[in-house]
Amino acid sequence: MEYNFKELESKWQQRWKENGTYHVEIDPARPKYYVLDMFPYPSGAGLHVGHPLGYIASDIYSRYKRQCGFNVLHPMGYDAFGLPAEQYAIQTGQHPAVTTERNITRYREQLDKIGFSFDWDREVRTCDPKYYKWTQWAFLKMFAHYYDRRLQKARPVEELVAAFDRNGTEGVDAACTSELHFTADEWRAMNEREREQTLQNYRLAFRADTMVNWCPQLGTVLANDEVKDGLSVRGGYPVVQKRMKQWLLRVTAYAQRMLDGLDALEWSDSLKEIQRNWIGRSVGAQVFFDVKGFGGKLEIFTTRPDTIFGVTFMVIAPEHEWVNPLTTPENKAAVEDYLEQTKKRSERERIAETRRVSGVFTGSYAVNPFTGREIPIYISDYVLAGYGTGAIMAVPAHDSRDYAFARHFGLEIIPVVEGGDISKESYDAKEGRLINSGFLNGLDVKEAIGVMFDEVEKRGLGKRLVNYRLRDAIFSRQRYWGEPFPICYKNDIATPLPETELPLELPSISDFGPTEEGEPPLARAEKWETADGYPLERSTMPGFAGSSAYYLRYMDPHNDHALVSREADDYWRSVDLYVGGIEHATGHLMYSRFWNMFLYDLGYVCEAEPFKKLINQGMIQGRSNFVYRVVGTNTFVSLGLKDRYETQEIHVDVNIVRNDQLDLEAFRAWHPEFADAEFILEEGKYICGWAIEKMSKSMYNVVNPDYIIEQYGADTLRMYEMFLGPLEQSKPWDTNGIDGVHKFLKRFWRLFFEGDALAVTDDAPTERELKTLHRTIRKVREDIENFSFNTSVAAFMICLNELGDCRKRAILEPLVALLSPFAPHISEELWHRLGHADSVCDAAYPVCEERYLVEQTFEYPVMINGKLRFKQEYDLSMTPDQIKADVVTRPVAQKWLDGKAPKKVIVVPGKIINIVF
RNA sequence: GCGGGUAUGGUGGAAUUGGUAGACACGUCAGACUUAGGAUCUGAUGCUUUGCAGCGUGGGGGUUCGAGUCCCUUUACCCGUACCA
């Protein structure tokens, strides 16, 4: 009987669908397990062979867990809001909802062919109003809460208002944009607008002015990668840095908890490290410097208070709020000139032009509180407005940037730490003894830092402070295809819509670009206002909004009364295994953790961390093929002969190349230009060159899974994707190797049949066959637990090689169950042919019986003189004397024994051979 | 610059975690069956050498009876991040 994969795969996919095989419900009688994939953005290009890698791995794990008796939640959905659909809409006028729907249909078709065990009844789409109702709901909750730093928890804004009513800011310790101080009387004296403005300083979702790349001609904010050389990439219009009112999420409030939470997560160290760096905690001191002839004190942040005696100047960021007050009349022109220069440059450019020293003197002087010396205050864009206080104390002797600046402007450099030569560069290391530093002299750096912290606090110059690099997330986009904000403006005061009015649906419009006045596309909607006539917010939420809590929605996707019911959340809790790409390390995976912690604080979810274990699948790269055209001709020369000609390398579609051999006819038909191509062959073949590159259309190396499934079947695709290499490693796709896996499945299939009849026998298996079976079971189980799917596929192949043509049910039946997570279609078919009525999905996963392994051989560590010396696998049929003889004759042992015989060789069946001398 | 990772045959990759390097698969070669083979099966296949033998896990050094694995050093590539005070 032929292995007709096409027929049996579509048959079972159909049956699974009809029978609801993958539908799951809460079942308190069984332990739950939640396996989640990062849901895809359904792009117009469809899936290529690299996309399903993670889905296949998670599907194998889900099926395995299910067969182990777990109630497995394994859902899928679509991250459907997003820029590409909108860009396409601006160009073509097609509504993004239409193209998105079309793309989703295409994705679903492709996914269905691979045989996943998704419970599609739980599908979510972020662009569905029933779904984004809960995105809006969470936003309203964030708007209505602030972060109490003392309780380390989000609390209702009403509590903050009550506190202000009682004592003003006295005793309030809340996460905020800037530290405010006012009394209860001052608070009570504020009008409604002032109060709201004050509260925005504390809300977890708030509006504030931030610097953005603004393109007046395009009428929109641009991301850094959309700007080049101060011009917009599209259109080439000037882009300026502009302060704009934007919605933000106060993720910084959760910085410490997000940092601490990492320790308990089963994520890769590299991923945790990326998040740690992103959060960027640093412990230092806040210090105030008096400014000569000026009322205020300049606040800076430093991690090196020990070097304060070496401060010879100060620098503030160009955006610092004191730039104007600190600038003296005679420096005004120069400062304005400098500000104009920096304004033109985007943040990215500032970064790209690394270490190009620039700056300007304000004319003002600060006073070093420890030396009493007057030090000049400069403005320079190497100081970032967004970090710390936007102002620094400069210690040129011990900071390379300050050093470069001091050299450039001829400022004084005073060494205060011994150990380096500062004639050519600064000495940044945190070791050495302090010099030129008054009471710190003689201390080493670490001691000095501690002493200085105390001294600064004692003298009332400042205090210890922890700073984070993490910044609040800008949450609004001047775009159409996103969630509308459930916010209206009453007399310009941002006012939340009542929850009962959610979802606030995206209005239908036909032109998706910004308006001529530079308003976001939603300004084009007719009547974009509340029923009582208040205007609604016109920007929409960014891409990460909809993906921040989707894993919760899967638990209870049809609930109209809550994001997730208490019951569902109590049962499913959090994601046990999350599989997805590392590119979301600082985006989605940060926002989701923030979002979840917030909901946790409010008591809506029972776990603080959403993703317990996380696996990052590697990228599948493309393997491109090349042909070599002799320059100036239409003649193509085979790889081995190309050095004899002057050639031009041309990408050729990998789908018309097999084992690097070009299909000449297909090549001529591929492109009109090549219709009359001539070839210079080697041994009658045209051999192509190849290279590993990103899989992309322009390299003609995209392999479509539909094509592979058509040729080899879904089971082969699934197993081959796993066989390619370690899951977490990037590796090239090479269709050439797929035959090996396909052959394996065909061989496995053939074992069951003699002609068209089932040929499985009930003969008793031999010890050897049982050993092979159980070793395979052990290996495969172990490998699945370790996500080492490539070696488990190899284990199946080894097993088949060892079994030869064993057709015994006692061996084959467990193998079918063992294989089913990897190749569900063929396994299901064989399972039924073996006489089972139920699905192989519910067949208990085979368990290794150790006795079949240990009864034949032992693996012993060998102790010589109490030290582990070598291991050897001994067959149990060997007597202790034989083992002894073997040990003694081994070269290693002989070296040790120096010719003498050991006194005793102890053979303990089970563990250890102890050799006594 | 900083942080993380990788390096093994012609190719993708194994290696029980310090114990016979190259499992498994591709490719290649040879053979069988075939009108045919991009089907199936069998065998060979790290390199050098006719052979004996020697050399082999990016390079150099070290620890050890024994190193792909541990330590030091160095090179190349990949990823993340970037003036974070």
Peer 1: Taking the minimum atom-to-atom distance to the side chain of Phe723(A), which one of rC24(B), rA85(B), rG80(B) wins?
Peer 2: rC24(B)
Peer 1: Is the backbone N or O of Ile687(A) less than 3.5 Å from a side-chain atom of Ser638(A), with the two atoms forming a donor-acceptor pair by type?
Peer 2: yes
Peer 1: Rounding to a whole Å, what distance do you find between Gln621(A):CD and rC79(B):P?
Peer 2: 9 Å
Peer 1: Which nucleotide, if any, forms a Watson-Crick or G-U wobble pair with rA82(B), using both distances under 3.5 Å?
Peer 2: none
Peer 1: Report the residue from Ile692(A), Val654(A), Asn701(A) that forms a side chain to side chain contact (heavy atoms under 4.5 Å, CB included) with Arg623(A).
Peer 2: Ile692(A)
Peer 1: Could you tell me whether the phosphate oxygens of rG80(B), OP1 or OP2, come under 4.0 Å of any side-chain nitrogen or oxygen in Asn277(A)?
Peer 2: no
Peer 1: What is the separation between atom CZ on Arg304(A) and atom P on rC83(B), rounded to the nearest whole Å?
Peer 2: 20 Å
Peer 1: Looking only at atom C1', what distance separates rU6(B) and rG68(B), rounded to whole Å?
Peer 2: 14 Å
Peer 1: Quick check on rG22(B): syn or anti? Syn means the glycosidic torsion is within 90 degrees of zero.
Peer 2: anti
Peer 1: Pairing donors with acceptors under 3.5 angstrom, does anything connect the side chains of Thr791(A) and Asp783(A)?
Peer 2: yes
Peer 1: Whole-Å distance between rU16(B) C1' and Glu782(A) CD?
Peer 2: 8 Å
Peer 1: Kindly say if Tyr382(A) contacts the phosphate of rA85(B), meaning a side-chain N or O under 4.0 Å from OP1 or OP2.
Peer 2: no
Peer 1: Strictly by modelled atom types, are His398(A) and Ser426(A) linked by a side-chain donor-acceptor pair under 3.5 Å?
Peer 2: no
Peer 1: Go ahead and name the base partner of rC77(B); Watson-Crick or wobble counts if both distances stay under 3.5 Å, otherwise write none.
Peer 2: rG5(B)
Peer 1: Quote, to the nearest angstrom, the C1' distance that separates rC47(B) from rG22(B).
Peer 2: 13 Å
Peer 1: I want to confirm an ordering. Mapping Ile274(A) and Lys779(A) to their closest nucleotides on RNA chain B, which one lands closer to the 5' end?
Peer 2: Lys779(A)
